[in-house]
2 protein chains.
Amino acid sequence: MKIESRKQEIITTAAKLFKEKGYSAVTMRDIAKVMGIKAASLYNHITSKQDILKDIIISLAETFTDKMAAIRNAELSNVEKLKQIIQLHVDITAGNTFGMAALNNDWMHLEDELNYYLELRSNYEKNFRAIIEEGIASEEFSQGNVEVMLFSMLSTLRSLYIWIPKKEDVSPQQLSKDLASVLINGINI
Amino acid sequence: MKIESRKQEIITTAAKLFKEKGYSAVTMRDIAKVMGIKAASLYNHITSKQDILKDIIISLAETFTDKMAAIRNAELSNVEKLKQIIQLHVDITAGNTFGMAALNNDWMHLEDELNYYLELRSNYEKNFRAIIEEGIASEEFSQGNVEVMLFSMLSTLRSLYIWIPKKEDVSPQQLSKDLASVLINGINI
DNA sequence: TAATTAAACTAACAACTGTTAGTTTGGTAG
DNA sequence: CTACCAAACTAACAGTTGTTAGTTTAATTA
């Protein structure tokens with residue numbers, strides 16, 4: 001269906017603009033202008049501005065939730081699980097920095113799906129926390145403030161959308177490796 | 001001057017709303033409603049919406065720039081400098097989570113002062129990077145990807161405004177300590 | 001008491017917002 | 001050749017936006 005691909009073009013364009021200025025500051029006329037058409041023409045393909053935001057955010061959030069569940073249930077050491085989480089973030093973000101910006105900055109503008117999104121995020125964080133706790137229990141990780149560990153790693157991974165576009169020369173593979181090194185071993189000698 | 005304190009009330013209220021929905025989604029009528037007055041009355045105290053944003057962001061950015069310069073030039077080990085940077089972020093953020101949210105999320109909506117802000121931020125990052133590089137040269141820090149180290153620490157520190165309000169029971173002192181431990185030593189055994 | 005003044009008010013503006021309705025265009029399939 | 005249809009268009013809407021102008025209120029000062 002051609003309508004699908006045109007719709008996708010609109011969503012991609014919108015995500016790019018949302019990253020620059022945020023959902024609220026982007027008008028339908030802005031999106032249309034970038035695409036070289038009039039705002040009213042957008043409605044041949046999408047149903048509303050809100051619908052664009054939902055399409056960008058929910059699919060990403062569901063992907064994270066699904067992959068996290070797979071990692072959590074895998075037969076792996078907790079160190080290995082952590083490395084897979086890092087790779088998950090790097091891979092998804094490298095493939096869609098614009099969408100990740102919206103996920104991080106514009107989720108509060110979701111209307112119907114806000115609670116659903118919050119559930120997904122809460123579920124994700126719970127699994128992340130559990131992996132850290134299990135890693136401490138198995139003496140893979142040091143005893144320390146679990147919340148600070150979680151917060152620090154999650155902040156870094158969630159900020160990748162800012163950083164990756166500035167370092168296009170770095171491969172996702174190398175970045176994952178370096179990130180794992182810093183997040184797990186710190187920076188001391 | 002009473003006008004100053006009333007102006008400050010407006011700025012604080014605005015910052016609170018900016019944190020929730022972002023600068024663009026907050027209207028002058030929103031701010032006025034929270035203060036129990038009409039939107040037009042705000043203009044007895046402030047000159048424009050843009051002026052509120054500038055007041056919130058620039059003062060914070062200048063504080064960071066000044067304190068960073070002081071730390072950089074201090075007679076301290078690089079480990080100690082890093083710990084002071086961490087404490088700087090924790091202290092300022094704990095004292096003004098709303099303003100820090102605007103600093104992080106709404107800087108792109110600055111008009112006249114956008115370039116000035118970008119210079120301050122660039123200067124800040126340059127000093128931060130230099131401390132890491134000097135720490136590696138003096139063998140205080142491990143050899144590793146400097147950009148990833150910088151990015152990871154900065155992402156964590158910049159996200160504090162999200163995290164601190166959720167953990168009101170933790171003292172800034174304790175948080176700085178735990179953060180330093182995780183950022184420097186990582187989470188491994 | 002009279003004058004001053006900080007800080008609120010009402011009313012209005014021009015521009016912009018997301019969205020709808022109905023129409024035109026140009027290429028493709030029967 | 002005709003019918004169809006995706007995808008653009010023009011025109012318009014009702015509501016919201018930041019902001020200005022001029023006015024009222026209530027407390028303080030001279």
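Convention: sequence-line order gives letters A, B, ...; per-chain numbering from 1.
Scanning all heavy atoms of the two residues, the minimum distance from A/Thr97 to A/Pro165 falls at CG2-CG, 3.8 Å.
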Notebook entry, point to check: Reading nucleotides 10-20 of chain D 5' to 3', which nucleotides get B (base under 4.0 Å from a protein heavy atom), which S (sugar-phosphate only), which -?
Noted result: BBB----BBBB
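What separates NZ of A/Lys21 from C1' of C/dC16 is a distance of 12 Å, to the nearest Å. Between A/Glu111 atom CD and C/dG18 atom C1' the separation is 11 Å, expressed in whole Å. Between A/Ile10 atom CD1 and D/dA8 atom C1' the separation is 11 Å, expressed in whole Å. Regarding A/Ile31, its CD1 atom lies at a distance of 17 Å from the P atom of D/dA7, rounded to whole Å.
Judged by distance alone with a 3.5 Å cut-off, no donor-acceptor contact links the side chain of A/Asn44 to the base of D/dA6.
Distances shorter than 4.0 Å separate none of the side-chain N or O atoms of A/His45 from OP1 or OP2 on D/dA6.
The closest side-chain heavy-atom distance from A/Ile187 to B/Met153 is below 4.5 Å.
Partners of A/Gln87 under the side chain to side chain contact (heavy atoms under 4.5 Å, CB included) rule, at least two apart in sequence or in another chain, are A/Asp91, A/Gln173, A/Ser176. For A/Lys167, the side chain to side chain contact (heavy atoms under 4.5 Å, CB included) partners at least two apart in sequence or on another chain are A/Trp163, A/Asp169, A/Val170, B/Glu147.
When each of B/Tyr161, B/Tyr124, B/Phe128 is tested with B/His89 by the rule ring pair (Phe, Tyr, Trp, His ring centres under 6.0 Å), just one qualifies, namely B/Tyr124.
Geometric assessment of A/Lys54 against the ring of A/Tyr116 yields a negative cation-pi assignment under the 6.0 Å and 45° thresholds.
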